[in-house]
Amino acid sequence: QVQLAESGGGSVQAGGSLRLSCVASGDIASNNYMAWFRQAPGSEREGVVVIHLGGDTTFYTDSVKGRFSISRDNAKKTVYLQMNSLKPEDTAVYYCAYEYSGGSWPFGNFRYWGQGTQVTVSS
C-alpha cells in the first residue's frame, strides 16, 4: 500500500510563492508517475502537473506553465510543487496523487491520494 501526505499550504497575497511537499510511504516505483491536482470550491478537480519518477518527463496544465515547477527526490519518496506568481485563481485544495493507471492522459486515473492542503491567494 501507499500513503501520501501533503504539506506546505497556506495563505498568501497575489504574486507570492508557496512550496508544497508530498511525502509518500510504501512501495513507489520509478516507472510510474506522481501528480498534483487541485480543486476549488464549486469546481471540478483539475490536474496541475504530472512527473515521471524515472525520467525528466513532466506535463503542466496551461494555466500554471511558467509559474509552477515540480521536482522530486526519489530517495526521500517526496515530490515538491514550487508555486510562484500566485493568483487568486490558484486558490484551491491541492492534492498529491500516485500511480497513473490509465484513463485520459495525463490527468487520468491515479490510485493513491493524499488528504489535501489548502492554498489561499488573496488579491
Side-chain angles (χ1 to χ4, degrees):
Q1 66 177 38
V2 172
Q3 297 163 351
L4 306 174
E6 305 97 333
S7 63
S11 298
V12 298
Q13 294 183 1
S17 298
L18 286 172
R19 185 175 185 249
L20 307 183
S21 299
C22 174
V23 179
S25 299
D27 190 7
I28 305 298
S30 62
N31 65 347
N32 211 280
Y33 300 83
M34 294 188 75
W36 288 97
F37 290 76
R38 65 186 182 184
Q39 187 168 21
S43 300
E44 297 292 326
R45 184 182 65 200
E46 66 170 337
V48 178
V49 59
V50 174
I51 185 169
H52 192 267
L53 297 177
D56 298 326
T57 301
T58 58
F59 303 87
Y60 292 88
T61 192
D62 286 345
S63 64
V64 307
K65 288 180 179 177
R67 301 189 298 120
F68 291 11
S69 179
I70 191 170
S71 60
R72 58 177 170 84
D73 186 336
N74 286 5
K76 297 181 178 180
K77 297 183 180 179
T78 302
V79 295
Y80 306 93
L81 183 64
Q82 179 67 46
M83 305 184 296
N84 299 323
S85 301
L86 283 162
K87 304 175 180 179
E89 295 84 352
D90 297 318
T91 296
V93 177
Y94 283 71
Y95 298 92
C96 178
Y98 167 68
E99 197 173 273
Y100 176 79
S101 57
S104 180
W105 180 259
F107 303 115
N109 299 321
F110 282 80
R111 182 175 180 180
Y112 301 101
W113 295 81
Q115 76 282 7
T117 185
Q118 176 71 49
V119 171
T120 302
V121 185
S122 60
S123 60

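One-based numbering along the sequence shown.
A donor-acceptor contact shorter than 3.5 Å is absent between the side chain of T117 and the backbone of Y94. A donor-acceptor distance shorter than 3.5 angstrom exists from the side chain of S101 to the backbone of N109, with no hydrogens or angles considered. Between the side chain of Y60 and the backbone N or O of I70 there is at least one donor-acceptor pair closer than 3.5 Å.
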| task | Quick one: do L18 and V119 satisfy side-chain contact (heavy atoms from CB on, under 4.5 Å)? Show the steps, please. | result | CA-CA 8 Å; L18 286 172; V119 171; 3.8 Å; yes
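Of all heavy-atom pairs between S17 and N84, the closest is OG-OD1, 2.8 Å. Scanning all heavy atoms of the two residues, the minimum distance from Y112 to V2 falls at CD2-O, 3.4 Å. Pairing each heavy atom of S123 with each of A14, the nearest pair is CA-CB, 4.3 Å. Taking each heavy atom of F110 and W113 in turn, the nearest pair found is O-NE1, 2.9 Å. Closest of all the heavy-atom pairs between A40 and A92 is N-CB, 3.8 Å.
Annotation: disulfide bond (SG atoms under 2.5 Å apart) contacts involving residues 22-122, sequence neighbours excluded, comprise C22-C96. Sequence neighbours left out, not one pair with a member in residues 50-59 passes side chain to side chain donor-acceptor pair (under 3.5 Å). Applying the salt bridge (Lys or Arg N to Asp or Glu O under 4.0 Å) test to pairs two or more places apart or on separate chains, none has a residue in residues 112-123. A salt bridge (Lys or Arg N to Asp or Glu O under 4.0 Å) check over residues 28-39, counting only residues at least two apart or in different chains, returns the pairs R38-E46, R38-D90. Listed by first and then second residue, the salt bridge (Lys or Arg N to Asp or Glu O under 4.0 Å) pairs involving residues 72-89 amount to none (not counting sequence neighbours). Every pair tested for ring pair (Phe, Tyr, Trp, His ring centres under 6.0 Å) that includes a residue from residues 63-84 fails, sequence neighbours excluded, so the list is empty. Note on residues 113-123: no pairs pass salt bridge (Lys or Arg N to Asp or Glu O under 4.0 Å), not counting sequence neighbours. Screening residues 26-72 for disulfide bond (SG atoms under 2.5 Å apart) gives no qualifying pairs among residues at least two apart or on separate chains.
Note that the CD atom of E6 and the CD atom of Q115 stand 4.5 Å from one another [nearest 0.5 Å]. Atoms CG and OG, on L81 and S21 in that order, are 9.5 Å from each other to the nearest 0.5 Å.
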Could you go through residues 27-37 and list every donor-acceptor pair under 3.5 Å that involves a side-chain atom there, pairing it with any protein atom two or more places apart or in another chain?
| residue | atom | partner | partner atom | Å |
| --- | --- | --- | --- | --- |
| N32 | OD1 | Y100 | N | 2.6 |
| N32 | ND2 | Y100 | O | 3.4 |

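With sequence neighbours left out, R111 forms a salt bridge (Lys or Arg N to Asp or Glu O under 4.0 Å) with E99. Checked against salt bridge (Lys or Arg N to Asp or Glu O under 4.0 Å), D62 has the following partners two or more places apart in sequence or in another chain: K65. When the salt bridge (Lys or Arg N to Asp or Glu O under 4.0 Å) test is applied to R45, no partner is found at least two apart in sequence or on another chain.
Cluster annotation: V49 and L86 are assigned to the same hydrophobic cluster (Ile/Leu/Val/Met/Phe/Trp/Tyr, side-chain heavy-atom contacts under 4.5 Å, transitive). Clustering ILVMFWY residues whenever any of their side-chain heavy atoms sit less than 4.5 angstrom apart, transitively, puts L20 in the very cluster that holds L4.
Annotation: side chain of Y98 is not in contact with side chain of V79 (no heavy-atom distance under 4.5 Å).
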